[in-house]
Amino acid sequence: LVTGGESKNVHMWDLPTADAEPSPNATPPARRADEAASSTPAPPGPPPKCGRLLSSFRCGSIVYAVSLTAEGTELAVGLSDCTEVYQLMHSESPTDITPADDAPAKQPAPFPPIPNPSAQPTEELAWARRRPSIESIERPGPPLARSTVVEPLLYLECPAQQGGVSFSKTEGKLAVAGNQLVTVFDVISGGTICKMPRNGRVRCVALSTSGGTVVVGGFDRKVTLHNI
């Protein structure tokens, strides 16, 4: 799970999986019906599970939308002034070293400012090679069995203000919707596949599995489908 917002922070979470077997504290449906009829309170069930923070980093502007590929290896972050694409590398490295309870948490350092590609047209993606990798945050408590390293991949001069971003499941396509424009990119090359202007402001976007159809919704209350 990936979250982002007005704080300009992006957080990645490791979500727990469903139990293969029912919990011993769970109450069978027939018993719950009997207890409801007799006004007897049911015993408390198992406590809810919580996700664990894997990695976190700060962007240069407000985060309006995020999207993960089906494999979870690439992340698109739609910002108010651009869209950034990152490569995610997951690893499992269990350790027996447990940090002390009073050990201070290491906060992620913000990225240095991203050079404006329009000012350096020959180095449009050079920032991706210069920017350091973002390693997972070390926090006090039990060590994480899974960690994630984030590497900048693409910088797209296409804002997603009050809009959205969406990957196709296959074919490596990314749709970015913001202001009055929807743009579809090729993630491998970073090239533009097509642009679709809209009379009103766009609010959300989605790509079909193969990336052949894009669905766009806007503040004008209209939903449109386009073939790519």
Hey, does L181 have a side-chain heavy atom less than 4.5 Å from the side chain of R198? no
Work out which heavy atom in D186 is nearest to a heavy atom in S189; give both atom names and the distance. OD1-N, 2.9 Å
Say whether I62 and V202 are linked into one hydrophobic cluster, either directly or through other cluster members, by side-chain heavy-atom distances under 4.5 angstrom. no
Is the backbone N or O of S210 less than 3.5 Å from a side-chain atom of S168, with the two atoms forming a donor-acceptor pair by type? no
In plain terms, say whether D220 and R201 are close enough for a salt bridge, that is, a side-chain N and a carboxylate O under 4.0 Å apart. no
Mind listing the closest non-hydrogen atom pair of G164 and A65 along with its distance? CA-CB, 3.5 Å
For V187 and E74, what are the C-alpha separation, side-chain angles and deciding distance, and is it a side-chain contact (heavy atoms from CB on, under 4.5 Å)? CA-CA 9 Å; V187 179; E74 291 174 346; 3.4 Å; yes
What is the minimum heavy-atom distance between Y64 and A160, and which atoms define it? CB-O, 3.2 Å
State, to 0.1 Å, how close P159 and S80 come at their nearest heavy-atom pair, and which atoms those are. CB-O, 3.4 Å
Between V214 and V205, is there a side-chain heavy-atom distance shorter than 4.5 Å? yes
Do S7 and R58 have side-chain N/O donor and acceptor atoms under 3.5 Å apart? no
Would a 4.5 Å heavy-atom cut-off, applied to side chains only, mark V77 and C59 as touching? yes
Kindly indicate whether the side chain of E84, heavy atoms from C-beta on, has any atom under 4.5 Å from the side chain of L79. yes
Is the backbone of M12 close enough, under 3.5 Å, to the side chain of S55 for a donor and an acceptor to pair up by distance? no
From CA spacing to verdict: side-chain contact (heavy atoms from CB on, under 4.5 Å), F219, Q162: CA-CA 10 Å; F219 286 91; Q162 296 183 331; 4.0 Å; yes
List the atom pairs, with distances to 0.1 Å, where a side-chain N or O of residues 170-180 and a protein N or O form a donor-acceptor pair under 3.5 Å, not counting sequence neighbours.
| residue | atom | partner | partner atom | Å |
| --- | --- | --- | --- | --- |
| T170 | OG1 | T209 | O | 3.0 |
| K173 | NZ | G211 | O | 3.2 |
| Q180 | NE2 | N199 | O | 2.6 |

Tell me if the CG atom of L1 is crowded by more than 12 foreign heavy atoms within 6.0 Å. yes
Of all heavy-atom pairs linking C194 and M196, the shortest is SG-CE, 4.0 Å
So L156 and V85, side-chain contact (heavy atoms from CB on, under 4.5 Å) or not? Walk me through it. CA-CA 8 Å; L156 305 174; V85 182; 4.2 Å; yes
Under a 4.5 Å cut-off applied to non-hydrogen side-chain atoms, are L75 and V66 in contact? yes
Given the rule that I, L, V, M, F, W and Y join up when any side-chain heavy atoms are under 4.5 Å apart, are V165 and L153 in one cluster? yes
List, by chain and then residue number, the residues other than V215 in its hydrophobic cluster (Ile/Leu/Val/Met/Phe/Trp/Tyr, side-chain heavy atoms under 4.5 Å); write none if there are no others. V223, L225
Under 4.5 Å between any side-chain heavy atoms of S56 and V10, yes or no? no
Main chain of L54, side chain of T148: is a donor-acceptor contact present, judged purely on distance under 3.5 Å? no
Any idea which heavy atoms bring A70 and K169 closest together, and the distance? CB-CG, 3.8 Å
H226 side, atom NE2; L207 side, atom CG - distance, nearest 0.5 Å: 11.5 Å
Just so I know, are the side chains of F185 and C158 near enough to count as touching, which here means a heavy-atom distance under 4.5 Å? yes
When clusters are formed by joining ILVMFWY residues with side-chain heavy atoms under 4.5 Å apart, either directly or through shared neighbours, do F167 and V184 land in the same one? no
May I ask you to test the L53-W13 pair for a side-chain heavy-atom distance under 4.5 Å? yes
Which distance, rounded to the nearest 0.5 Å, do you find between the SG of C82 and the CD of E157? 8.5 Å
